[in-house]
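So you know, we letter chains A, B, ... as the sequences are listed, proteins then strands, and number each from 1.
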Number of protein chains: 2
Amino acid sequence: MKTTPPSSSIEDYVKVIYSFTEWQDKPITSTQLAARLGVANSSVSEMVRKLKDQDLVEHEPYSPIRLTAAGLTLALSMVRRHRLLETYLVRELGYTWDEVHEEAELLEHAVSETFIERMSAKLGNPTRDPHGDPIPDAGGHITMAPSHRLDELDPGHRGRVSRISDHDPELLRYLEQHGIGVDTELQVVGRRPFGGTLVIARLPSPGAPSRTDDAGHLDLGDEAAVSLWLATVGTHPGCTVQEPAGGTLMHPHATGV
Amino acid sequence: MKTTPPSSSIEDYVKVIYSFTEWQDKPITSTQLAARLGVANSSVSEMVRKLKDQDLVEHEPYSPIRLTAAGLTLALSMVRRHRLLETYLVRELGYTWDEVHEEAELLEHAVSETFIERMSAKLGNPTRDPHGDPIPDAGGHITMAPSHRLDELDPGHRGRVSRISDHDPELLRYLEQHGIGVDTELQVVGRRPFGGTLVIARLPSPGAPSRTDDAGHLDLGDEAAVSLWLATVGTHPGCTVQEPAGGTLMHPHATGV
DNA sequence: ACTATTATTTCGGTATACCTAAATTTTTGG
DNA sequence: CCAAAAATTTAGGTATACCGAAATAATAGT
Ligand SMILES: [Mn+2]
Ligand SMILES: [Mn+2]
Ligand SMILES: [Mn+2]
Ligand SMILES: [Mn+2]
């Protein structure tokens with residue numbers, strides 16, 4: 001029996017299924033998968049059957065889709081490719097952080113394993129991409145400081161920006177213009193009344209005593225707030241978000257699942 | 001009407017049609033194209049019709065296939081991509097010259113125009129790839145010193161290796177082991193009797209007075225002889241190959257065809 | 001000039017990855 | 001509980017890029 005390498009489509013399906021569970025653990029549904037891939041629901045139904053035949057996902061009709069161990073391995077390898085490529089484009093070819101996602105999206109399917117490993121070595125085996133996302137190592141292990149989406153944090157929370165979704169280049173350019181990037185120190189100030197925007201403050205210098213002054217205030221729309229993740233450094237009294245226990249969060253894969 | 005970008009297959013067809021005429025000018029036939037692409041003749045017939053519909057080739061049934069101006073432009077852009085990628089892989093990622101062809105073969109379809117131009121700039125806009133092949137500039141212009149295939153040269157001819165076909169990685173490793181690479185100075189010594197191998201001599205140091213001593217002799221099989229091109233520096237008496245007139249050979253494209 | 005060989009195209013099929021519309025199952029709200 | 005809405009799958013169909021076998025055109029040898 002000849003084992004065909006996964007097609008680009010299969011690689012994308014598996015990668016998107018994985019990405020959905022990277023920051024929370026509800027498994028992805030058919031419709032959500034279709035939306036993220038930009039294809040019709042019916043296409044997903046067909047492809048999921050194919051993925052199941054290849055033992056990359058578990059799936060019962062009308063229920064959500066979960067990666068198998070083999071599927072997770074493939075997904076992590078794609079995520080590694082994608083994030084290493086983004087890092088390389090920024091560090092070696094002068095790309096800006098808002099340009100790299102699209103380019104990596106195509107390249108990830110075309111480069112060889114050799115290419116990936118030479119690139120990784122040249123970069124010094126980085127562990128975070130230009131948007132703060134963790135880069136799995138060659139063995140599929142991934143580590144990430146516990147973080148929360150900005151829109152889930154109550155006023156008073158302080159933290160370091162640990163990741164920013166790279167999906168919308170415009171948002172990235174906007175944030176950069178306002179001095180917000182990976183590792184920026186931030187504090188949640190509050191919300192404008194009646195479901196208004198989230199107000200945050202940039203903290204002057206990383207490590208220095210945090211001081212919230214008016215100059216650093218910034219209003220963030222919903223789209224921005226859900227795209228920013230904070231590694232919180234202190235819990236405000238009255239906080240409704242509970243801190244995870246450990247200092248690092250190991251992905252299921254690292255613990256053998 | 002929406003203009004779809006050429007598929008990878010179309011890009012490959014056009015590139016192979018071009019490559020066939022890069023070093024001689026008989027146009028390629030259906031069967032030759034099929035052989036080089038590794039597909040069935042029937043597939044070529046179908047695809048050539050599609051290429052003709054898209055105005056990339058001229059073709060009458062049962063006759064050879066020629067690129068149109070649009071086809072040539074696309075082909076030269078693919079050749080530029082391929083050769084720049086090969087150069088980049090060698091210079092920036094530590095690839096050896098026998099590894100790059102295969103990798104470039106896939107990458108050329110996946111990288112953006114932006115990627116190509118940033119890469120080219122970083123390399124200082126090189127004009128030759130690791131195998132000596134000329135790299136077209138962004139405008140599709142290409143220049144090459146007039147050269148002859150080693151197997152077409154009579155004994156006595158001297159010259160500088162101007163290009164080596166990169167198709168067979170094993171051949172490249174073999175040549176490297178025997179001290180033959182791009183710009184190596186060479187002299188044709190003769191042929192073993194009764195259709196035997198071609199004997200050549202490596203000339204000691206480039207520019208220095210050429211001296212053929214026994215230590216530098218090497219037998220080349222047919223496959224090797226047709227893969228090596230020499231920019232001849234002197235014509236031996238009794239030569240059957242006529243030297244082209246000009247100092248540089250401009251490709252048809254450069255003169256507007 | 002004519003036949004045998006070779007080259008090329010046409011024909012009927014396959015695989016992948018999509019789509020829309022219709023059918024079906026699940027979920028929800030009263 | 002049960003109908004209406006929402007989610008999901010199935011059915012039927014398209015485009016691309018292949019294939020092998022059959023048909024046809026070109027070419028070569030006598
Ligand atoms: Mn990305
Ligand atoms: Mn990223
Ligand atoms: Mn090559
Ligand atoms: Mn080359």
Mapping B:E46 and B:T29 onto DNA chain C by nearest heavy atom, which one lands closer to the 5' end? B:T29
Specify the separation, in whole Å, of atom CD of A:E60 and atom P of C:dT25. 15 Å
Nearest whole angstrom, please: distance from the P of D:dT8 to the CG of A:L33. 10 Å
Taking 4.0 Å as the cut-off, does a side-chain nitrogen or oxygen of B:Y13 come that near to OP1 or OP2 on D:dC18? yes
Would one find a side-chain N or O of B:S9 under 4.0 angstrom from OP1 or OP2 of D:dC18? yes
So which one's nearest nucleotide on DNA chain D is more toward 5', B:M47 or B:S42? B:M47
Taking NE2 from B:H109 and P from D:dA17, how many angstroms apart are they, rounded to a whole number? 12 Å
Distance in angstrom units between A:L37 CG and C:dC18 C1', rounded: 12 Å
Shortest non-hydrogen contact from B:D166 toward B:L172: CA-CD1, 3.9 Å
Under 4.0 Å between a side-chain N or O of B:H59 and OP1 or OP2 of C:dT8? no
Between B:R118 and A:E99 (salt bridge meaning N to carboxylate O under 4.0 Å), is one present in this structure? yes
Across the strands shown, which category fits B:A40 at heavy-atom distances under 4.0 angstrom: base, sugar-phosphate, nothing? sugar-phosphate
Salt bridge (charged side-chain N to carboxylate O under 4.0 Å, His left out) partner of B:E22, chosen from B:R163, B:K15, B:R83: B:R83
With sugar-phosphate meaning primed atoms plus P, OP1 and OP2, does B:S30 contact a base, only sugar-phosphate, or nothing at under 4.0 Å between heavy atoms? sugar-phosphate
5'-most contact on DNA chain C: A:S8 or A:Y62, nearest heavy atom basis? A:S8
Non-hydrogen side-chain atoms of B:T3 and B:Q54 separated by less than 4.5 Å: no
OP1 or OP2 of C:dA17 sitting under 4.0 Å from any side-chain N/O of A:S7? yes
From D:dC18, C:dT10, D:dA7, nucleotide with atom closest to B:S45 side chain: C:dT10
Is there a side-chain contact between B:K50 and the phosphate of D:dA17, meaning an N or O under 4.0 Å from OP1 or OP2? yes
So among A:H101, A:H109, A:E11, which one has a side chain to side chain donor-acceptor pair (under 3.5 Å) with A:H82? A:H101
Does a side-chain N or O from B:S43 land closer than 4.0 Å to OP1 or OP2 of D:dC19, or not? yes
